[in-house]
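Okay, here's the structure, questions in a sec.
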Amino acid sequence: MKRTKPHRKPANEAAEDLLVDRIRRALAIPGHTSSLRVAIGDDAAVWRPSPGHESVLTCDWFLEGTHFLLARHPARSIGWKCLARAVSDLAAMGATPRCFLLSLALPATLTGTWLDEFLRGLRAASRKLDCPAAGGDITRRDQVLISMTAVGECRRGRAILRNAAQPGDAIFVSGRLGESEYGLRRIQQIKRRLNARDPRLRKHLYPQPRLAVGAWLAEYQLASAMMDLSDGLSTDLPRLCLASGVGVRLEALRIPPPKISAVDAKKFAPLSLALNGGDDYELLFTVRPKHIPQIPRRIAGIPVTLIGRVVKDKRILLVGINGQETQIKNKGWDPFKT
């Protein structure tokens, strides 16, 4: 994040250089050791990957009105989630995060308490994910626009891609699906101030990228293909199938739905949430038949569930309770869907 020479401004004016200095101090992690030689404060960061490793890069938009509601989502949650979303892409490759770049546009009216809370959430995610700030950019705009670039690394040749699934492979997912969408729908219904500690909202407000799961699968080379679920199973799974040139048969009874009350289950349809809900950031991965016995029920404390098989026929099928097969329709998140 670039910083020009400081100069005095009136106390009520948030000059760009003073904002950059606030961000730098807020995101500093004393004593943190990383492969960053030069971080915030120069024209660009200097980063050095570990010997025997290769770099993994990703970027992600997080936009007011599209990905979060300024009036409903806590600023601390927005700070946490903008980094967690990007780091989830690294988890999907079996990579370890090393640093991030933040580009932030926001109104001058949000450079006080809102920005402080946003930075607290971002700092908490940075510490939790062991991913320090390397730099970025800041500017003024009517709406909040956040662009996050995350840099990671993995052992050379060990990155897990989407394009190697084969017919006969088993399909697994981590965690439960649809919990973030369930949280979002509750937020949209709640009129009073949100309780960020409500367990029904936690996965939506503070998602946890499955870094340990991805790293374990990469270490033991057990996943033939992998991706994270950000747009919903019904939208993301076809992307893996397209990359690998295969189809799938999922079993409805095996798909782990969100934990919701009986009353909410009547309103929200748990299977629909699990199939179409976005923002879960769980991992979807395939495993060769010979390796299936090596996949435990939990990896790094996170449950993993076998939900179907890869097939040669390039259709995306769901096998219902009665054994009937239906084509899975793409009903997940798509910003260009009309």
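Note that the structure is a prediction, hence the values are computed from the model and not measured.
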Legend entry - Heavy-atom closest contact (Leu233 atom, Ala274 atom, distance): CB-O, 3.8 Å
Inset, instruction - Could you tell me whether the side chain of Phe285 reaches within less than 4.5 Å of the side chain of Val304, counting heavy atoms only? - result: yes
Inset, instruction - Supply the atom-to-atom distance Asp116 CG to Leu119 CG, rounded to the nearest 0.5 angstrom. - result: 6.5 Å
Legend entry - Cluster link Val213 to Ile292, ILVMFWY, side chain under 4.5 Å: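 Same cluster.
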Indicate every side-chain donor-acceptor pair of residues 246-263 with a distance under 3.5 Å to a residue at least two apart or in another chain.
residue	atom	partner	partner atom	Å
Arg249	NE	Glu325	OE2	2.9
Arg249	NH2	Glu325	OE2	2.7
Glu251	OE1	Arg254	NE	3.2
Ser261	OG	Asp264	N	3.1

Legend entry - Check: Arg22 side chain, Thr111 main-chain N or O, donor-acceptor pair, under 3.5 Å: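 Indeed, once roles are kept as given, a pair shorter than 3.5 Å links the two residues.
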Legend entry - Pairs where residues 216-228 contributes a residue and the test side chain to side chain donor-acceptor pair (under 3.5 Å) is met, not counting sequence neighbours: Ser88-Asp228, Asp169-Ser224, Ser224-Thr286, Ser224-Arg288
Legend entry - Atom of Ala212, atom of Ala300 and distance for their closest heavy-atom approach: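 For Ala212 and Ala300, the tightest heavy-atom pair comes out as CB-CB, 3.4 Å.
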Inset, instruction - Mind jotting down which residue pairs meet the side chain to side chain donor-acceptor pair (under 3.5 Å) criterion with at least one end in residues 62-80? Sequence neighbours excluded, please. - result: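 Matches after skipping sequence neighbours: His73-His204, Arg76-Glu117.
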Legend entry - Heavy atoms of other groups near Arg141 CZ, more than 12 under 6.0 Å: no
Inset, instruction - Using only heavy-atom distances, determine whether the side chains of Asn330 and Thr235 contain a donor-acceptor pair under 3.5 Å. - result: yes
Inset, instruction - Please report the C-alpha distance between Asp21 and Arg25 in whole Å, then the side-chain angles of each, then the deciding distance to 0.1 Å, and finally whether the salt bridge (Lys or Arg N to Asp or Glu O under 4.0 Å) criterion is met. - result: CA-CA 6 Å; Asp21 191 58; Arg25 287 185 282 109; 3.0 Å; yes
Legend entry - Gap separating the CE atom of Met148 from the CG atom of Leu83, nearest 0.5 angstrom: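 Here the rounded value is 5.0 Å.
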Inset, instruction - Starting at CG of Leu161, measure out to CE of Met93 and round the result to the nearest 0.5 Å. - result: 5.0 Å
Legend entry - Note, Leu283 side chain near Leu229 side chain (heavy atom, < 4.5 Å): no
Inset, instruction - Would you check, one step at a time, whether the test side-chain contact (heavy atoms from CB on, under 4.5 Å) holds for Ile146 with Ile78? - result: CA-CA 10 Å; Ile146 304 166; Ile78 296 169; 3.7 Å; yes
Legend entry - Sidechain-backbone polar pair: Ser103 side chain, Gly136 backbone, donor-acceptor under 3.5 Å: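 Side chain of Ser103 to backbone of Gly136: no pair is present.
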Inset, instruction - Carefully, step by step, assess Leu145 and Leu106 under the rule side-chain contact (heavy atoms from CB on, under 4.5 Å). - result: CA-CA 7 Å; Leu145 309 179; Leu106 75 170; over 6 Å; no
Legend entry - Asp279/Lys81 under side-chain contact (heavy atoms from CB on, under 4.5 Å): CA gap, chis, key distance, verdict: CA-CA 10 Å; Asp279 261 7; Lys81 196 169 181 178; 2.6 Å; yes
Inset, instruction - Mark yes or no for whether Lys337, through its side chain, and Gly332, through its backbone, hold a donor-acceptor pair below 3.5 Å. - result: yes
Legend entry - Under 3.5 Å donor-acceptor, Asp236 side chain and Asp231 backbone: yes
Inset, instruction - For Arg123 and Ala28, indicate whether the former's side chain and the latter's backbone hold a donor-acceptor pair under 3.5 Å. - result: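 Answer holds: yes.
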Inset, instruction - Hey, could you give me the CZ/OG distance between Arg239 and Ser244, rounded to the nearest 0.5 Å? - result: 14.5 Å
Inset, instruction - Please check if the side chain of Asp280 supplies one atom and the backbone of Glu282 the other of a donor-acceptor pair under 3.5 Å. - result: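 Pair absent, no side-chain N/O of Asp280 close to backbone of Glu282.
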Inset, instruction - Check the pair Glu153, Ser55 against side-chain hydrogen bond (donor to acceptor under 3.5 Å, both in side chains), reporting the backbone distance first and the verdict last. - result: CA-CA 4 Å; Glu153 63 181 20; Ser55 302; over 6 Å; no
Inset, instruction - Might you confirm whether atom NZ of Lys267 has over 12 heavy atoms from other residues, nucleotides or ligands at distances under 6.0 Å? - result: yes
Inset, instruction - Test Arg192 against Ile190 for side-chain contact (heavy atoms from CB on, under 4.5 Å), laying out the working first. - result: CA-CA 6 Å; Arg192 62 186 183 279; Ile190 296 172; 3.7 Å; yes
Legend entry - Set of side-chain hydrogen bond (donor to acceptor under 3.5 Å, both in side chains) partners for Thr326, sequence neighbours left out: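 Expected list: none.
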Inset, instruction - Kindly compute the distance separating CG (Leu275) from CD1 (Ile328), expressed to the nearest 0.5 Å. - result: 6.0 Å
Legend entry - Hydrophobic cluster membership, Leu177 vs Met227, 4.5 Å side-chain cutoff: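 Linked within one cluster.
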Legend entry - Within 6.0 Å of CD in Gln294, more than 12 heavy atoms from elsewhere: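 Enclosed: over 12 neighbouring heavy atoms sit under 6.0 Å from CD of Gln294.
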Inset, instruction - Mind listing the closest non-hydrogen atom pair of Pro293 and Pro289 along with its distance? - result: CD-O, 3.8 Å
Legend entry - Minimum side-chain heavy-atom gap Leu217-Ile295 below 4.5 Å: yes
Give the table of side-chain donor-acceptor pairs shorter than 3.5 Å for residues 56-63, with sequence neighbours excluded, one pair per line with atom names and distance.
residue	atom	partner	partner atom	Å
Thr58	OG1	Asp89	OD2	3.0
Asp60	OD2	Arg85	NE	2.8
Asp60	OD2	Arg85	NH2	2.8

Legend entry - Results of ring pair (Phe, Tyr, Trp, His ring centres under 6.0 Å) for His53 - residues two or more places apart only: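 Expected list: none.
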Legend entry - Trp114 and Leu70, any side-chain heavy atoms less than 4.5 Å apart: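 The answer is yes, as the side chains (C-beta and beyond) meet within the 4.5 Å cut-off.
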Legend entry - Pairwise side-chain contact, Pro74 with Leu194, heavy-atom cut-off 4.5 Å (strictly under): yes
Legend entry - Other residues, nucleotides, ligands: >12 heavy atoms within 6.0 Å of Asn195 CG: yes
Inset, instruction - Output the distance between atom NZ (Lys203) and atom CG (Leu184), rounded to the nearest 0.5 Å. - result: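 One finds 14.0 Å between NZ of Lys203 and CG of Leu184.
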Inset, instruction - Could you tell me whether the side chain of Val144 reaches within less than 4.5 Å of the side chain of Phe68, counting heavy atoms only? - result: yes
Inset, instruction - Carefully, step by step, assess Ser234 and Asn276 under the rule side-chain hydrogen bond (donor to acceptor under 3.5 Å, both in side chains). - result: CA-CA 6 Å; Ser234 69; Asn276 306 315; 2.8 Å; yes
Inset, instruction - Could you check if a side-chain atom of Ile187 sits within less than 4.5 angstrom of a side-chain atom of Leu205, using non-hydrogen atoms only? - result: yes
Inset, instruction - For residues Cys154 and Glu54, determine if any side-chain heavy atom of one lies less than 4.5 Å from a side-chain heavy atom of the other. - result: yes
